[in-house]
Amino acid sequence: MTDSRSVLIANRGEIAVRVNKACRELGIKTIQVYSDADIDSLAVKMSDEAIRIGPAVSAKSYLNIDNILAAAKSSGADAIHPGYGFLAENSEFASAVESSGIKFLGPSSQAIKLLGDKVSARELVSSLNVATVPGSDGRVSDLSHAQVLAKDIGFPLMIKASAGGGGRGIRPVYTGDDLSRYFPQASAEALASFGDGGLYIEKYIASARHIEVQILGDGETYLHLFERDCSLQRRRQKVWEEAPATCLSDETRKGMCDSALKICQAVRYRGAGTVEFLYDTNSEDYYFLEMNTRIQVEHPVTEMVTGIDIVKEMICVGFGGKLSLKQNELKMTGHAIECRINAEDPSKDFMPWPGTISKISFPEQSGVRFDSMLFEGYEVPPFYDSLLGKLIVYDQDRSRAIDKLKHVLDKFIIEGIPTTVRLHEKLVNDGDVIAGRVDIEFLEKWLLEQF
Amino acid sequence: MSKKQIMSPLPGTFYRKPSPDSENFKNDGDSVEIDDVVGLAEVMKSFHEIKSTVSGGKIQFLIEDGDAIMPGQVIAEVE
């Protein structure tokens, strides 16, 4: 039977390539939108049809809802895949797609809106008895208010500037005396740095890992595809991801995965999604951080250990299909590691640097996957994210996966522009990384001290 | 009077002000000193200040806010 369905891919880069591939394997026609900067991109070359949606600047192309909807209508697309980033978690976009009669390959716009708002997501999650990081839930008016809250939450605490972000304006406090001393100081600093002296406080988890659960839903059936450990981060950007998280006990893993499923059930989730948790390695407690209502960059590590093609599944359920899998048929086998390859110079404070790829080669062997948008001669444009691709290795256990990664990185060549390949070469040979002795603060300290 | 040029060292998107609600770093007709910030270049979602490499008067911008720039492209001229 020939499939007459078509999907418009409202994204670019490696994820557009990934979605094109999945559609092709499903026999679905692809319509790739592009900006002026992406006319020669791999996703455009791979697609069945390509439509220009505007100039290079993303506000006028990949973020332009009207232009994307016009492209979908003129091409007669049956569905839109939003990828990640850009409009993927924009509930207005999802709602506009829904009311145009085109299928949005993701959850309902209401679910996106509810889970995308920090306050409403925390409320929902708390009502399901899933823990969130204990804190002030908003601004702390003054020192005496802070002292009352500190009694409840317990030390150590973090004082954070309401207007801060990306790790700025954060100060850990360990005692009540610390709090009395630093609270006014932090407020003054916040006022000076951000023009807003507002502070909030949160429990400080000294050695925390970022663990997230992959889920799939069709609005009736909900499955978890176990977890990923994404603790190696720089400026809150993930750099290296693994599945499974070998630090978890079976009991904690089950608790986390069940918590993720409860959230999906509560919003009748449809599509692929990720529930992110902060995991306290000392107490083994975990706290809900947020839910991402889209496909994630690091989905391949889960695909490698479960054998499930997550992108194909999300397309099928997005078209109204039902999940054919059962939870008790799913299991994790082996270990997978993903390294994000960015167009950044690690020796120059990760300065992004676009340019032309003159050479690319890596060992093609079983258990090695490179999801990317690159080809020799490709000119990486300066207008978008610096992610070029993801190198994923798989083997029967973590130590073999590490060995394979060492070998593959050694032979991995991208010439023409600086990339983060060299960072990964150093990481994979680091004793703490090899032993898995890392937390979410590890990478930034390591970069200062050892890189 | 000869004109001196300020060129972009980076490829990306050029902005004339630090944030959408702010004033321009420099307006046409202003004078500039070496190392004065004349704009921002957004390269792959990270922002970098573009500083003047020349000094002079009556700056004239050749690039609009939000336009694409390439390395070596002339952003502005001063007298």
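Residue numbers begin at 1 in each chain, while the letters A, B, ... track the order of the sequences. Side chains included, hydrogens not; waters and symmetry mates left out as well; all remaining heavy atoms used.
Here the side chains of B:L10 and A:M351 are in contact, with some heavy-atom distance below 4.5 Å. Taking the side chain as every heavy atom from C-beta outward, A:F383 and B:V43 never approach each other to under 4.5 Å.
For B:K4, the NZ atom is densely surrounded, since the number of other residues' heavy atoms within 6.0 Å is greater than 12. Within 6.0 Å of atom NZ in A:K45, more than 12 heavy atoms from other residues, nucleotides or ligands are found, so the atom counts as buried in its surroundings. For B:E23, the CD atom counts as loosely surrounded, since its 6.0 Å shell holds 12 or fewer non-hydrogen atoms of other residues, nucleotides or ligands. More than 12 heavy atoms of other residues, nucleotides or ligands shown are found within 6.0 angstrom of CD on B:Q5. Counting non-hydrogen atoms of neighbouring residues, nucleotides and ligands closer than 6.0 angstrom, the CD atom of A:Q450 exceeds 12 such neighbours.
If you tally non-hydrogen atom pairs under 4.5 Å between each of B:M44, B:K45, B:H48 and chain A, the highest count goes to B:M44.
When heavy atoms are compared at a cutoff of 4.5 Å, A:P381 approaches chain B solely by way of its backbone atoms N, CA, C and O. Proximity to chain B (any heavy atom under 4.5 Å) is shown, for A:A343, by both the backbone and the side chain.
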